[in-house]
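Written below as structure tokens is the structure these notes are about.
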Amino acid sequence: MPKVTQEYLDAKRKEIIDAAYRVSLCKTMCTITMQDVINESGLSQGGIYRYYKDVDEILADMICDIRSRICIIPKVDDILHSEESFENKLKACIDILAEILEDDLFEIGRLNCEITNFALNYPDRIKKVLNNAKIPSNKGYLREAVYSIVKSEIDNRLSNSVNMKYSLEEIFSFIVFSYTGVETETVFNKNNALAGKFVETLFSPRKMLEIVYDNVIRMMNEEA
């Protein structure tokens, strides 16, 4: 019997996760079953279980596949290691978020919404899925970078006896909740036929994120 190569095994796994992705275009991620993937892939049940023991392992690899196609981590690292000012670093992060919502909304924005929905309905399952996803989350990595940038600036101001009105937790929470709202609304508008061209034109994620940036700078500059 000829030896099965790693390339062959990888190609088969890719075939399976591609089938799962196609299913995810019609069903929410948390409702995808092993039978759905079997039907879509055209492989036998034994052919699927040879590579994956359950559907959650497939979903973990599907998430990794999406993350690997759209990776912002090198850009974020460049921002973190630059000598730019706090304002410019934060603006650069905001620009990356805007680019994601403008250019990669379907992949990243939809994936984040799916994961949130999964977490609300099956918190233990999504924890297992994400733990098995070996490629780090773009959104999580950027969130940690923004936290680091804001914390460094606040620590610097406090060391210079600046009496800030807002704490690190308040400012960072404002950023996270604001971005989540913009992302959710953007995904909804792009996928909602009832929204129409008027709403789509009126609602610009980049403009909304620029407003978030302006408010963060205001919060940072307010003294108690």
Side-chain angles (χ1 to χ4, degrees), residues 17-18 20-29 59 62-82 84-120 130 133 135-150 153 171-220:
I17 63 176
D18 283 348
Y21 180 78
R22 291 193 297 273
V23 174
S24 77
L25 300 179
C26 306
K27 299 182 68 174
T28 56
M29 190 188 300
L59 296 178
M62 184 185 79
I63 290 171
C64 285
D65 187 60
I66 295 172
R67 288 175 175 174
S68 66
R69 293 202 301 269
I70 307 168
C71 183
I72 63 172
I73 291 175
K75 287 183 180 180
V76 176
D77 283 341
D78 287 344
I79 294 170
L80 285 173
H81 299 140
S82 74
E84 293 287 344
S85 66
F86 160 72
E87 290 81 5
N88 287 343
K89 285 185 176 181
L90 183 62
K91 184 62 168 62
C93 290
I94 292 292
D95 287 340
I96 289 178
L97 290 172
E99 287 170 11
I100 289 174
L101 294 183
E102 290 175 341
D103 303 331
D104 302 305
L105 173 68
F106 189 76
E107 293 281 24
I108 298 297
R110 181 175 167 277
L111 175 63
N112 290 335
C113 288
E114 287 277 11
I115 289 174
T116 299
N117 181 55
F118 207 141
L120 290 172
L130 294 178
I135 295 179
S137 160
N138 286 284
K139 183 177 178 180
Y141 196 85
L142 183 55
R143 179 183 294 179
E144 290 179 7
V146 170
Y147 181 87
S148 174
I149 291 168
V150 174
E153 179 64 16
I171 294 173
F172 186 66
S173 294
F174 173 78
I175 295 171
V176 171
F177 288 127
S178 297
Y179 172 74
T180 301
V182 173
E183 179 185 68
T184 302
E185 191 66 19
T186 305
V187 172
F188 175 78
N189 286 333
K190 288 289 185 182
N191 289 281
N192 182 13
L194 297 177
K197 287 293 181 183
F198 174 73
V199 174
E200 186 175 329
T201 303
L202 183 66
F203 186 87
S204 165
R206 182 174 292 275
K207 288 180 180 177
M208 294 300 102
L209 290 174
E210 287 174 355
I211 292 172
V212 173
Y213 169 80
D214 290 341
N215 276 280
V216 171
I217 298 303
R218 177 186 60 77
M219 293 172 73
M220 291 286 293

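These numbers were taken from a predicted model, which means no experiment stands behind them.
- Within the 3.5 Å criterion, the main-chain N or O of I70 finds a donor-acceptor partner in the side chain of N138.
- With sequence neighbours excluded, no residue satisfies salt bridge (Lys or Arg N to Asp or Glu O under 4.0 Å) with K89.
- Look at R22 and D18 and you find no salt bridge, because none of the NZ, NE, NH1 or NH2 atoms lies under 4.0 Å from a carboxylate O.
- In terms of modelled atom types and a separation under 3.5 Å, the side chain of S178 and the main chain of I175 share no donor-acceptor contact.
- Here the side chains of P136 and R67 are not in contact, with every heavy-atom distance at 4.5 Å or above.
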Name every donor-acceptor pair, under 3.5 Å, that has one atom in a side chain of residues 141-150 and the other anywhere in the protein, sequence neighbours excluded.
from	atom 1	to	atom 2	distance (Å)
Y141	OH	D77	OD1	2.5
Y141	OH	D77	OD2	3.4

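- Remark: E183 engages K139 in a salt bridge, criterion side-chain N to carboxylate O under 4.0 Å.
- Using a distance-only test at 3.5 Å, with no hydrogens or angles considered, a donor-acceptor pair links the side chain of E114 to the main chain of M29.
- Between the CD1 atom of I72 and the SG atom of C93 there is a distance of 8.5 Å, given to the nearest 0.5 Å.
- Within the 4.5 Å cutoff, the side chain of L59 has heavy atoms near those of the F118 side chain.
- Nearest approach of P205 to L101, heavy atoms of both residues: CB-CD1, 3.8 Å.
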| said: With side-chain contact (heavy atoms from CB on, under 4.5 Å) as the criterion, how do R206 and I94 come out once you've worked through the C-alpha distance, each side chain's angles and the decisive distance to 0.1 Å? | reply: CA-CA 8 Å; R206 182 174 292 275; I94 292 292; over 6 Å; no

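- Side-chain contact between S85 and N88 is present, with at least one heavy-atom pair separated by less than 4.5 Å.
- Side-chain contact between I96 and I79: present, with at least one pair of heavy atoms (C-beta onward) separated by less than 4.5 Å.
- Note: S137 OG to L130 CG = 8.0 Å, rounded to the nearest 0.5 Å.
- To the nearest 0.5 Å, atom CZ of residue F174 and atom OH of residue Y179 are 15.0 Å apart.
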| task | Would you please test I66 and Y21 for side-chain contact (heavy atoms from CB on, under 4.5 Å) and show each step? | result | CA-CA 9 Å; I66 295 172; Y21 180 78; 4.0 Å; yes

Let me have the donor-acceptor pairs involving side chains of residues 210-218, under 3.5 Å, with sequence neighbours excluded, atom names and distances please.
from	atom 1	to	atom 2	distance (Å)
Y213	OH	E87	O	3.3
N215	OD1	R218	NH2	3.4
N215	ND2	I211	O	2.9
R218	NH1	E222	OE2	2.5

